[in-house]
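Okay, so here's the structure we're looking at.
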Amino acid sequence: MKQSKSKLHTQNLSQSETRDEVIKGRRDFINSMALVGGSALIGVGCRPNSKEADAPPLPKVEDQHINSAHIKPGQLDDYYGFWSGGQSGEIRILGVPSMRELKRIPVFNRCSATGWGATDFSKALLDGKMSGDTHHVHLSYKNGTYDGRYVFVNDKASARLARVNCDTMEVDRIISIPNSQGTHGIFPQRHKTGYVFCNAEFRTPPINDGRDMNTPSRYGSMHTAVDGETMQVKWQVLIEGNLDLCATDYEGKYSFATCYNSEGGVTLEQMMGADQDHLYVFNIKNCERAVAEKKTITLGDSQIPVIDARGKDSPYVMRVPVPKSPHGVNVSPDGKYAMCAGKLSPTVSVIKIDILAAAFAKKISPRDCVVAEPEVGLGPLHTAFDGKGNAYTSIFIDSVMTKWNIDKAITAYKSSDGKTPNPIVQKLDVHYQVGHTNASMSETKDADGRWLIALCKFSKDRYLNVGPLHNENDQLIDISGDEMKMMHDGPTFPEPHDCVIVAKDLIHPSKIQSRRTPRFRMYEAWAKEDGVNLMKDNKVIRRKDGVVRIYMTSRAPNFGMRDFKVKTGETLQIILTNQDNVEDLSHGFCVSLHDVNFLVNANDTNSMTFKAGKPGVYWYYCPWFCHALHLEMRGRMFVEG
Ligand code: CUK
Ligand code: CUA
């Protein structure tokens, strides 16, 4: 058995070498760009030129109708995929393996379909900001696997963390991370819904009020612990270098952060200067103790306790030296290893987690915690797992997924030549420039080795030309056999940085709006103030503060009010409750010429505030096709001068 397996691996390798030959032109182009400098990793310089478009195609995607990823009409997927929406500021839910997009959850963006960003509740959460840049999506955990309650996502643009309630699949909290810019890597603890750690990628003056602007040596960045249950910021650790990706162990002892700018540079050249950077390992218990014993400082207006851990190893943080500008850090499903992808080094550094305690106790050096460093290809970024002892690293510059065996990598590292046995199992071409990768349940102890996703940053010639902004290309790979097999291409709107793939049995959203989220507590408080029964009443309340609250109900194909009267310039608040308690029966509320348009799901209440325009008749209507008489579902707003 073992023999035949290694034979197969050899075959795979020689196959991929042949392919390498075939597409050598493209590789040479990309690699030469990489040698020019970091720009190939960062800019569009790595986009293959149009001549390569004529190059022989990459390995063919298995026929859709016979391949294992094909899900027949009416058939349900096995997994929920939670995709970050990147610059769109949203989260998307895909079915895996069909890769059908099932839903978009607006988070940091303005969404016309749902009214997110304009409805009263979302407006309060967003506090005037209308854009975001989501990178990392992770779910809350219990005992090393998903508990199906929350999805957390970062906003790199405005240093925020949002939480989606999996019951309603809506955002219920958004918080700002203090003393931070470029909130990038986030990761929740995996033993329970404890902290969600948030990394600041950009170094700034610790008190950023105009002082120290031209003294980068004083800059630092924050590793922030947020309570995932209350969404309160609990404490922060101030670090001299920058903090990129984030991961946690399975026991609640450590959190990890990669640092590609240990140089403390402010230009690209400076940041790439050193051949060695760090994986920071944070000791959570020691940090909590420092907070309890008040060995902390506060910065500027923020009252959050900050542990100043700049400069040297301490009980709070240890710096494991790793080669040149690491990027992703991922912990294996058995909880034993943290894989730190080299980015500008063709290696993945394997850090053994249970010997970190000895390094914190100074019995061994931090570098002794590295137990393997396999060469996986040019530009390794992120690593996923199959739960069967293999790791899958996305290789940006080479545009491949590299499958490698963890145990063999460790044995090889100890061997006399440092290379035997060869841990590399297979390299599979992807199309093109893969960033994140993830596998089904890979971020849990229950990694099941079924599907692997490659989120490719460039699609170039893969789809119909739709203008200068090309879609991304998300590729689905079957990893259930010994060999990785490409199964599906999925174009996506930019730019899903990351995704997690969750067994469908772990997620149980309500089909009818559940009225248990913070949004409903807000409406219930308003109704109480105004003496109104949300579920029944249709009333115009002229409040002392000058706001006119219009409580209205809907039941297909009628609104509870055929008309209402207001005055020009009055502040109006429409609070609409959908009495239809029927699955999939959403209404909405749109007021002509007033920029008012929002969704009200079955059993839902939603609201928006706006000013009545010039005198006249304005039709309000239901924008969601709900009934044969949907077009007649409307009424008049009379605006008097
Ligand atoms: S980062 Cu995008 S490819 Cu923001 Cu997770 Cu690595
Ligand atoms: Cu209600 Cu259309």
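Side chains included, hydrogens not; waters and symmetry mates left out as well; all remaining heavy atoms used. Start at 1 with the first residue, then count along the sequence. Order of appearance sets the numbers: ligands from 1, and atoms from 1 within every ligand.
In summary, the atoms of ligand 1 found under 4.0 Å from a heavy atom of H184, numbered by their order in the structure, are 1 (S), 4 (Cu). The contact set between ligand 1 and H436, taken as ligand atoms under 4.0 Å from a residue heavy atom, comprises 1 (S), 2 (Cu), 3 (S), 5 (Cu), 6 (Cu).
Within the cation-pi definition used here (under 6.0 Å to the ring centroid, within 45° of the axis), R634 qualifies as a partner of W619. Taking the centre and axis of the six-membered ring of Y150, the NZ or CZ atom of R163 falls inside the cone set by 45° and 6.0 Å.
In this structure a side-chain-to-backbone donor-acceptor pair under 3.5 Å is missing from H630 to A628. With hydrogens and angles disregarded, no donor-acceptor distance shorter than 3.5 Å links the side chain of N473 to the backbone of C456.
Counting backbone and side-chain atoms alike, C626 contributes an N/O/S atom closer than 2.8 Å to atom 1 (Cu) of ligand 2. Residue H587 counts as close to atom 1 (Cu) of ligand 2, with an N, O or S atom under 2.8 Å. With 2.8 Å as the limit, S586 does not count as an N, O or S neighbour of atom 1 (Cu) of ligand 2.
Salt-bridge annotation for D133 and K156: absent, with no side-chain N of the basic residue lying under 4.0 Å from a carboxylate O of the acidic one.
Within H135, the N, O or S atom lying nearest to atom 4 (Cu) of ligand 1 carries the name ND1. Looking only at N/O/S atoms, H382 comes nearest to atom 6 (Cu) of ligand 1 through NE2.
Relative orientation of the F82 and Y80 rings is parallel, given thresholds of 30° and 60° on the angle between their planes.
Residue K457 places a heavy atom under 4.0 Å from ligand 1.
When the heavy atoms of H327, H136, E201 are ranked by distance to atom 6 (Cu) of ligand 1, first place goes to H327.
In terms of protein heavy atoms, atom 2 (Cu) of ligand 1 is closest to H497 ND1, 2.1 Å.
In this model, a donor atom of one side chain and an acceptor atom of the other lie less than 3.5 Å apart for D120 and T609.
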